[in-house]
Engineer: 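Have a look at this one.
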Amino acid sequence: MNRAARAFWLDSPGRGEIRDVDLPEPGPDEVLVRALYSGVSRGTETLVFRGGVPESQHGAMRAPFQEGDFPGPVKYGYLSVGVVEEGPPSLTGRTVFCLYPHQTRYVVPAAAVTPVPESVPAGRAVLAGTVETAVNALWDAAPLVGDRIAVVGGGMVGCSVAALLARFPGVRVQLVDADPARAATAKALGVGFALPADADGGCDLVVHASATEQGLARALELLRPEGTVVELSWYGDRRVSVPLGEAFHSRRLTVRGSQVGTVSPARAHRGYGDRLALALDLLADPALDALVTGESPFEDLPALMPRLASGELPALCHRVRYDDPGAGAHA
């Protein structure tokens, strides 16, 4: 029996298209998933879309089920939620999350999907990959009760970090962003907000996620002596200056990198699956709906991605909807 699906491909930097895909018959340890939603992670995916992945990072930036190579043609993405149509009885009919690109149906190993808890709506579950990044960042940062913390950069990752920090007892959390509109998002997440010039200093910890030199410089300025900046920004092929002069050394400041591709050494005994399952459990909080700032049908992706990449369409997580339950059905 022939099977068909449709997938979004980056044909060349700045140009995407939808292609037909023939699916294999699922094996005994595989599942056939029908997509319900996927999410566009604006920072990483728009960098890929414009061809900004440096050659030295082509291997590190590969998504788990990526096809093709940077800068293109490449099928890229990692925030997919769907329903298992065929597979082991324990998974058939379940809503699952998978680190898969934008595609109407796909066949993957059963071990590659994680069941979505009943307490988490499918549309919110597209945030799992980003909340997982936030979990890993906080394992790296190790915030303490009562800490004074700033999150500089109110994008998808920064807001996810702020949302999790809002649950820590006794902490002062302030989301810092140059866009005044992020104040509404901060309020929905239960944290404070400030423009960069107005942010509170004396921070024990600053999480930087603005992907700008100005943001990193401001993050260092907000620290108390011997404080730490955890750097989450991905700059791609851009060179970034770090202000290490003036009082950087006398104040004994620290800049520490964090990246989701490796489980934090602070939790080395925890695996990737455990970390993702935790992220899905945390998505039971409806406050995280504030991170989904738009939705479009799958068919609009070729026209949508240039608008997201250029900033014409501002977004945190833009959700992709798969309307047609018969899309890619058995032929």
Side-chain angles (χ1 to χ4, degrees), residues 3-9 18-19 21-41 44-45 48 61-68 74-136 156 160 260-261 263 271-283 288 291-292 295 298 301 317-325 327-329:
R3 300 170 184 270
R6 290 174 295 149
F8 176 73
W9 278 74
I18 292 177
R19 299 183 181 183
V21 178
D22 290 326
L23 299 180
E25 185 80 20
D29 296 318
E30 293 182 320
V31 291
L32 170 64
V33 178
R34 171 173 59 85
L36 297 173
Y37 299 98
S38 58
V40 179
S41 179
T44 302
E45 288 197 56
V48 170
M61 279 288 292
R62 285 194 70 86
F65 294 100
Q66 173 181 324
E67 293 183 38
V74 63
K75 184 174 76 173
Y76 192 84
Y78 47 83
L79 301 173
S80 181
V81 176
V83 174
V84 176
E85 293 192 318
E86 298 181 32
S90 61
L91 289 172
T92 302
R94 295 287 302 273
T95 300
V96 296
F97 177 85
C98 186
L99 296 166
Y100 204 87
H102 309 284
Q103 185 165 311
T104 58
R105 273 188 170 86
Y106 47 90
V107 175
V108 293
V113 302
T114 302
V116 174
E118 292 185 4
S119 58
V120 179
R124 192 187 303 154
V126 297
L127 297 168
T130 307
V131 173
E132 183 184 10
T133 300
V135 167
N136 204 62
M156 193 174 168
S160 296
V260 73
V263 174
Y272 292 97
D274 187 30
R275 189 179 64 183
L276 179 56
L278 172 59
L280 281 163
D281 285 339
L282 292 170
L283 280 165
L288 289 161
L291 304 187
V292 179
E295 184 175 289
F298 168 74
L301 267 174
C317 176
H318 193 93
R319 188 164 58 202
V320 177
R321 183 180 67 249
Y322 297 77
D323 291 316
D324 181 6

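Heavy-atom basis, side chains included; hydrogens, waters and symmetry copies ignored.
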Engineer: Taking all non-hydrogen atoms of both residues, which atom of Cys98 and which atom of Phe65 are closest, and how far apart?
Structural biologist: SG-CE1, 4.0 Å

Engineer: Please enumerate all residues that pass side chain to side chain contact (heavy atoms under 4.5 Å, CB included) together with Arg62, with sequence neighbours excluded.
Structural biologist: Gln66, Asp69

Engineer: Quick one, Val31 and Pro88 - any side-chain contact, counting heavy atoms below 4.5 Å?
Structural biologist: yes

Engineer: Does Leu301 have any side chain to side chain contact (heavy atoms under 4.5 Å, CB included) partners at least two apart in sequence or in another chain, and if so, which?
Structural biologist: Phe8, Val40, His102, Phe298, Leu304, Met305, Val320

Engineer: OH/Tyr100 to OG/Ser38 distance, rounded to the nearest 0.5 angstrom?
Structural biologist: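 Between Tyr100 OH and Ser38 OG, I get 12.0 Å after rounding to 0.5 Å.
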
Engineer: Between atom CG of Leu91 and atom CD of Glu85, what is the distance when rounded to the nearest 0.5 Å?
Structural biologist: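 The CD atom of Glu85 is 13.5 Å from CG of Leu91, to the nearest 0.5 Å.
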
Engineer: Taking all non-hydrogen atoms of both residues into account, name the closest pair between Met61 and Val48 and its distance.
Structural biologist: CE-CG2, 4.1 Å

Engineer: What are the two closest heavy atoms between Leu23 and Ala4, and how far apart are they?
Structural biologist: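 Smallest heavy-atom distance, with atoms named: CD1-O, 4.4 Å.
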
Engineer: Provide the closest heavy-atom pair for Ala122 versus Leu36 in the form atom of the first, atom of the second, distance.
Structural biologist: CB-CD1, 4.1 Å

Engineer: Applying the side chain to side chain donor-acceptor pair (under 3.5 Å) test to Gln103, which of Glu67, Arg6, Lys75 qualifies?
Structural biologist: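 The residue from Glu67, Arg6, Lys75 that satisfies side chain to side chain donor-acceptor pair (under 3.5 Å) with Gln103 turns out to be Lys75.
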
Engineer: Counting only N and O atoms by type, is there a donor-acceptor contact under 3.5 Å from the side chain of Tyr37 to the main-chain atoms of Leu79?
Structural biologist: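 No: the side chain of Tyr37 does not pair with the backbone of Leu79.
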
Engineer: Return the OG1 to CD1 distance between Thr104 and Ile18, rounded to the nearest 0.5 Å.
Structural biologist: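 Answer rounded to 0.5 Å: 9.0 Å.
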
Engineer: Run the side chain to side chain contact (heavy atoms under 4.5 Å, CB included) test against Pro64 and tell me which residues pass, sequence neighbours left out.
Structural biologist: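 By the side chain to side chain contact (heavy atoms under 4.5 Å, CB included) rule, Pro64 matches Leu99.
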
Engineer: Taking the side chain as C-beta and beyond, is there a heavy-atom pair between Pro109 and Asp29 under 4.5 Å?
Structural biologist: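 Result no, sub-4.5 Å side-chain heavy-atom pair not found.
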
Engineer: When rounded to the nearest 0.5 angstrom, what is the spacing between CG in Leu32 and OG1 in Thr92?
Structural biologist: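 Spacing of CG (Leu32) from OG1 (Thr92) equals 9.5 Å.
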
Engineer: Can you measure from OH (Tyr78) to CZ (Phe97) and round to the nearest 0.5 angstrom?
Structural biologist: 9.5 Å

Engineer: Would you say Val107 and Glu86 make side-chain contact, with heavy atoms under 4.5 Å?
Structural biologist: no

Engineer: Please set out all donor-acceptor pairs under 3.5 angstrom arising from side-chain atoms of residues 124-136, sequence neighbours excluded.
Structural biologist:
unit_1 : atom_1 : unit_2 : atom_2 : d
Arg124 : NE     : Asp289 : OD1    : 2.8
Arg124 : NH1    : Leu283 : O      : 2.9
Arg124 : NH1    : Ala284 : O      : 3.3
Arg124 : NH2    : Asp289 : OD2    : 3.2
Glu132 : OE2    : Arg275 : NE     : 2.8
Glu132 : OE2    : Arg275 : NH2    : 3.1
Thr133 : OG1    : Gly129 : O      : 3.1
Asn136 : OD1    : Ser264 : N      : 2.9
Asn136 : OD1    : Arg275 : NH1    : 2.8
Asn136 : ND2    : Gln259 : O      : 3.3
Asn136 : ND2    : Thr262 : O      : 3.1

Engineer: Could you tell me which non-hydrogen atom of Gly39 sits nearest to which non-hydrogen atom of Cys317, and how far apart they are?
Structural biologist: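 The answer is CA-SG, 4.1 Å.
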
Engineer: How would you list, by chain and number, every residue that makes a salt bridge (charged side-chain N to carboxylate O under 4.0 Å, His left out) with Asp274, sequence neighbours excluded?
Structural biologist: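 Here the qualifying residues are Arg270.
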
Engineer: Taking salt bridge (charged side-chain N to carboxylate O under 4.0 Å, His left out) as the definition, give me every residue that meets it alongside Arg319, ordered by chain and number, with sequence neighbours left out.
Structural biologist: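 For Arg319, the residues satisfying salt bridge (charged side-chain N to carboxylate O under 4.0 Å, His left out) (neighbours in sequence not counted) are Glu295.
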
Engineer: Could you measure the distance from the CD atom of Glu30 to the CD atom of Glu25? Nearest 0.5 Å is fine.
Structural biologist: 10.0 Å

Engineer: So which heavy atom on Ala7 is nearest to which on Val21, and how close?
Structural biologist: CB-CG2, 3.7 Å

